[in-house]
Every structure is written in C-alpha cells, then in structure tokens.
Amino acid sequence: MTVDHPVESQATTPARGGTLPAASPSTAPGGRGGPGGTGGTDETGGTGGTSAPPEARPGGFDWPPAVEKASRELLLDLFGPSPAVRVELWDGYALGPRTGTRVLVRNPHALRRALSHPGELGFARAFVAGDLEIDGDIFEALALRTRIARLRPSAAVLRAAVVLARQFGPRPPQPPPEEARLRGRAHSRSRDAEAISHHYDVSNDFYRLVLGPAMTYSCAVWESPSTDLAAAQAAKHELICRKLGLRPDERLLDVGCGWGSMLLHAARHHGVTGVGITISAEQAAEARRRVAEAGLADRIEIRLQDYREITDGPFDAISSVGMVEHVGRAKLPVYFRTLFELLRPGGRLLNHGISFPGDPASAARSRPRIGPVPLPKDADFLHRYVFPDGELHEIGALTTLMQGGGFEVRHIENLREHYALTLRAWVSNLEEHWDEAVALVGAGRARVWRLYMAGSALSFEAGLSQIHQVLGVRPDAGASHQPLRPSY
C-alpha cells in the first residue's frame with residue numbers, strides 16, 4: 001500500500017517557523033516496540049486510510065496489532081475517510097488528503113484521553129501532554145473541532161475502549177501537570193489570588209514574546225488587519241481614554257492593571273495620575289519597573305492589591321480591562337458596587353471584557369449553568385488550563401448588573417472582530433519564538449497557550465465569543481457630564 005505521509009520523525013514544525021518539542025515515544029507493557037523496535041503491521045483497520053510499510057516506521061511507535069487495529073477503527077469512526085486535514089497515527093496510517101497541516105496521533109495514550117473525556121478536554125489533554133501534535137497551521141487543524149465534539153458511543157468506540165483498557169488498564173493517563181488544581185471557596189480572596197497566579201505568574205519574559213513590546217494582554221483596536229500590533233494596542237488605550245474623557249491631573253484607577261500599559265499611556269498622553277492594582281506578583285513587579293523606566297513613578301502607583309481592599313477613593317475615572325472575567329457571577333454585584341463607591345459623582349467607569357452571545361434559540365437548555373446564566377460550550381479546557389474560575393457573562397446580564405450597582409450605562413461597543421485579529425497576532429508571535437517560549441515555560445505550558453489562543457480566535461470569528469466595552473457613569477444629581485453625542 002502506498003504511503004502519502006508516513007510519520008517521518010518525532011519533531012514537527014509549527015506554522016510561521018520554530019521547532020516544536022519532540023514527543024517521547026512510549027513503550028507499553030507487552031508491546032512489540034520501543035526505541036529500535038522491529039516495526040508493526042500495515043493493516044488498514046478500515047477503508048479510507050493509508051498505512052506505512054513496517055520498514056518505513058520509526059522505532060518506538062509500535063504497539064500490539066489489536067491496539068493498532070482498534071486505534072485505526074476509532075480514528076475512521078471519528079473523522080471519516082476524508083477529514084479536512086491529514087490525520088495520522090504513529091504507525092503511518094493516515095486519513096484525509098495530502099495537506100500542509102497534519103494532526104499526528106503520537107501514541108495510544110492520546111486516544112485513551114479522548115475516550116475517557118469525550119469532546120474538547122480529552123483531546124486538549126493529549127495535545128498539552130505531547131501525545132497528539134499539530135504540524136503546520138493550527139487554525140486549519142482546529143477545523144476538526146466539530147468532529148471531535150461528536151464523539152459518541154459506537155461499535156468502534158466501544159471496541160477501542162475495551163482493547164485499550166486490556167492493554168493499559170481501565171484508568172486513563174494522569175492529566176498534564178499544567179492543569180490547575182485550586183483550593184478553597186470559589187472567588188474568595190485567597191483562591192482568586194491562586195487562580196490569577198496560575199495564569200499570569202508564568203513568566204514576564206514569556207508574555208513579552210507573545211504580546212510584543214506593548215505588553216498588553218487584552219483586545220487591541222485595529223484600523224485594518226495590516227495594522228501593527230503595538231499600534232493597535234495603543235489605539236485601544238487611546239479609545240478607552242477618550243471614552244473616559246480623561247483630563248490632566250485627574251485620578252485614574254486601573255483595576256487589573258497587568259503590566260501597567262494602560263496607565264503609562266494615560267499618564268503620557270492625558271496627564272493623569274494613576275493607581276494600578278493587580279494580584280499577580282510578577283505583573284506588579286514588572287509594572288513598577290516599567291513605570292520607573294518611563295520616569296513616571298511620581299504619577300503612577302502600582303499595588304499588589306485586591307479590588308475589595310481599596311480604601312483611598314474617590315477617583316475621577318476607573319478602567320477595568322480584562323478583569324470582569326475573573327470576578328465571577330456571584331461577585332459581580334459586589335464588584336460594580338465597590339467601583340461605584342470609589343468614584344466621585346460624575347465619575348466614569350469603562351468596563352472592557354469578554355462576553356458570550358445570548359441564546360435566542362434556547363440552545364443552552366442542556367448546557368451547564370451558573371444560576372440563570374449558561375456557561376459557554378466546551379469550557380472545560382479553558383477552565384482547567386487557562387482561566388481557572390473564569391466566568392463569561394452575557395452582555396445584557398452584565399449591563400443589568402452594572403446598572404444595579406448604581407451606574408448609568410451610556411455606551412456599549414462590541415469589538416469581536418478586533419479580538420480575533422489580536423489573538424492571531426499573538427499566535428504568530430508565539431510560533432515565531434517557539435524555542436524561546438519552551439525554554440522559558442516548558443513545552444506543556446507553551447502548548448496550552450498555542451491551543452487556547454488559536455481556538456479563541458476562531459471562536460471570536462464565528463461569533464461564539466464577543467467582547468464589549470461598556471461605559472458607565474456615577475450620576476451627579478441627575479447630571480451625567482457626558483457629551484450630547486459621543487465622539488469616540
């Protein structure tokens with residue numbers, strides 16, 4: 001049988017350059033392989049696939065014939081004979097046309113993970129662990145997501161489960177160490193600090209590779225897709241400053257200040273004084289360094305502080321950029337009321353946060369919920385690896401809660417397409433600096449970021465995720481102190 005794309009090696013190359021780390025070959029008890037193994041079978045395991053002859057297979061990718069056959073049947077059942085991109089097993093068996101992008105199933109453990117947690121989580125764990133690899137354009141590979149979501153009991157699935165259980169035992173592989181394991185009550189101060197640390201206290205140098213010199217980890221504002229990322233981030237900061245109507249010597253609070261970029265822009269270009277708070281120790285340290293380097297330490301103060309601990313209001317304006325996703329639905333009334341009380345009468349709040357669409361077709365009836373608010377589909381990977389305890393909110397519910405905290409909402413803008421462009425730029429940065437990223441945070445963590453940012457970009461492009469800027473004011477005896485028409 002002819003071979004279109006046998007698995008040539010254990011190292012693969014992502015799109016836009018860089019070399020992905022090698023996945024270690026596995027040797028199963030009772031298996032026939034291992035480094036220097038003798039090769040395996042060339043059974044197809046079903047129509048529609050091709051297989052490498054034994055002499056073409058690298059050592060260490062060989063398993064008992066029953067495992068190989070069951071794995072092929074499962075792959076064919078899941079993806080069909082003609083998936084959009086090439087899908088290959090460790091033994092060279094392949095489905096689909098010759099494409100520049102390949103999904104490489106390195107070993108049976110990837111399938112064990114998929115069977116133990118059908119849908120997004122199992123395959124994400126396999127990718128993070130290196131049991132499954134993407135060679136080429138990750139956006140093209142993620143076109144297979146719709147098929148993965150349809151993994152349902154079938155004869156092939158049951159046969160594969162039985163064979164793999166006999167070979168390896170009934171328990172699935174342990175989750176990769178990058179998976180979050182938080183303790184304590186959700187959205188308590190200690191657990192919020194732990195959740196934020198999991199995501200942000202990774203490495204400032206790693207974030208610099210991904211985010212570029214702007215060091216801004218939120219949606220940019222793009223004049224066109226060809227705009228430079230740093231310029232798009234500066235445009236976002238300027239848009240927020242204009243919406244807040246910042247004037248010289250006004251006092252700005254930036255909640256969830258990150259590495260200080262918003263405050264630096266506001267102080268440089270609008271003459272404000274500012275306070276930035278974060279509960280990420282690494283962010284606070286880097287933000288203070290950047291403020292000092294800019295010669296603005298007399299105008300900007302960076303604090304390692306929870307929003308519930310601020311006692312030195314009032315402020316003229318508050319920016320909350322990428323913070324509301326971490327607050328939690330149950331705490332949103334507290335959050336907005338706290339910010340309301342920190343503002344002077346006539347003060348302004350700009351809340352910039354990811355949301356998800358409403359549910360006019362009632363598709364959310366079978367989805368997990370937080371009180372009356374349904375969670376987005378397939379949230380497991382993001383919750384376990386990226387944003388533990390993170391919660392997205394529908395914009396109508398968010399607006400209601402914001403006004404319930406005392407604010408008058410004056411303007412709402414959806415920047416959905418802008419976040420897709422931002423995420424694609426970050427993925428490009430990561431892939432171009434892959435070896436450096438792996439050296440800084442390890443292969444597993446780098447894989448988490450590559451997968452989550454690419455998947456998120458596709459979600460924004462498809463309208464499954466949204467991001468809104470909501471401007472609210474604290475009324476001053478009925479006066480909003482807002483222009484009759486906005487000029488943003």
Side-chain angles (χ1 to χ4, degrees), residues 211 214 216-223 227 229 231-246 250 252-258 261-266 269-270 272 274 276 307 315-327 332 335-336 339-340 342-343 347-358 390-423 425 456-457 459-461 463-474 480-483 485-488:
L211 305 179
T216 302
Y217 192 28
S218 54
C219 173
V221 172
W222 300 76
E223 183 176 347
T227 301
L229 175 61
Q233 290 292 10
K236 184 266 302 295
H237 292 140
E238 182 59 22
L239 178 62
I240 292 173
C241 290
R242 292 202 309 270
K243 286 182 176 180
L244 287 172
L246 295 180
E250 284 196 320
L252 171 66
L253 171 65
D254 191 23
V255 184
C257 66
S261 298
M262 173 64 201
L263 285 169
L264 287 167
H265 182 97
H269 299 284
H270 295 268
V272 304
Y307 71 90
F315 294 88
D316 298 291
I318 298 175
S319 53
S320 171
V321 182
M323 173 67 185
V324 72
E325 302 92 330
H326 299 288
V327 173
L332 283 178
Y335 184 66
F336 286 126
L339 301 188
F340 179 86
L342 287 170
L343 283 170
R348 293 86 63 196
L349 165 68
L350 192 287
N351 187 79
H352 171 119
I354 301 171
S355 58
F356 71 96
E391 298 178 29
L392 303 185
H393 317 286
E394 191 271 327
I395 186 60
L398 190 72
T399 302
T400 296
L401 290 166
M402 191 167 165
Q403 294 199 135
F407 289 97
E408 179 185 359
V409 170
R410 300 290 303 190
H411 189 270
I412 301 175
E413 183 176 6
N414 189 342
L415 298 171
R416 174 172 66 82
E417 294 86 352
H418 295 259
Y419 216 164
L421 291 169
T422 305
L423 286 155
S456 296
S459 183
F460 281 102
E461 288 169 356
L464 301 176
S465 298
Q466 300 176 343
I467 182 163
H468 290 88
Q469 288 188 349
V470 183
L471 176 66
V473 299
R474 175 172 177 166
S480 68
H481 302 291
Q482 292 291 296
R485 295 289 298 157
S487 56
Y488 312 133

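With W222 contributing its side chain and H418 its backbone, the two residues share a donor-acceptor pair below 3.5 Å. Distance alone, capped at 3.5 Å, is enough to place a donor-acceptor pair between the R474 side chain and the F340 backbone. Between the E325 side chain and the H393 main chain, no donor and acceptor come within less than 3.5 Å of each other.
Counting all heavy atoms, side chain and backbone alike, Y488 lies closest to Q482 at OH-OE1, 3.7 Å. Contact detail for L246 and A266: the closest heavy-atom pair is CD1-CB, 4.0 Å. Listed here is the closest heavy atom pair of F407 and L339: CZ-C, 4.0 Å. Closest approach of G463 and R416 over heavy atoms only: N-NH1, 3.5 Å. Annotation for S355 and H468: closest pair OG-ND1, 2.9 Å, computed over non-hydrogen atoms. Closest of all the heavy-atom pairs between A420 and E461 is CB-CG, 3.5 Å.
For the residue pair T216/K236, the side-chain donor-acceptor check at 3.5 Å is not satisfied. A donor-acceptor contact under 3.5 angstrom links the side chains of E238 and H270, judged on distance only.
Scored by the side chain to side chain contact (heavy atoms under 4.5 Å, CB included) test, S319 finds I240, L244, L252, D254, M262, V321 as partners (sequence neighbours excluded). Residues forming a ring-ring contact (aromatic ring centres under 6.0 Å, His included) with H269 (at least two apart in sequence, or on another chain): H265.
A distance of 8.5 Å separates CG in L263 from CG in L253, rounded to the nearest 0.5 Å. Atom CG of L332 sits about 8.5 Å away from atom CG of N351, to the nearest 0.5 Å. Atom CG of N414 sits about 13.0 Å away from atom OH of Y419, to the nearest 0.5 Å. How far CD of E417 is from OG1 of T422: 11.5 Å, rounded to the nearest 0.5 Å. Between atom CD of residue Q466 and atom CD1 of residue I354 there is a gap of 11.5 Å, rounded to the nearest 0.5 Å. Rounding to the nearest 0.5 Å gives a distance of 8.5 Å between CZ of R348 and CG of L471.
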Take Q233 and S261 through the side-chain contact (heavy atoms from CB on, under 4.5 Å) test and state the conclusion after the steps. CA-CA 9 Å; Q233 290 292 10; S261 298; over 6 Å; no
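Taking the six-membered ring for Trp and thresholds of 30 and 60 degrees, Y307 and Y335 have ring planes more than 60 degrees apart, a perpendicular arrangement.
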Which pairs would a plain distance check flag for residues 397-405, meaning a side-chain donor or acceptor within less than 3.5 Å of a matching protein atom at least two apart in sequence or in another chain?
| unit_1 | atom_1 | unit_2 | atom_2 | d |
| --- | --- | --- | --- | --- |
| T399 | OG1 | I395 | O | 2.8 |
| T400 | OG1 | G396 | O | 3.0 |
| Q403 | OE1 | V409 | N | 3.3 |

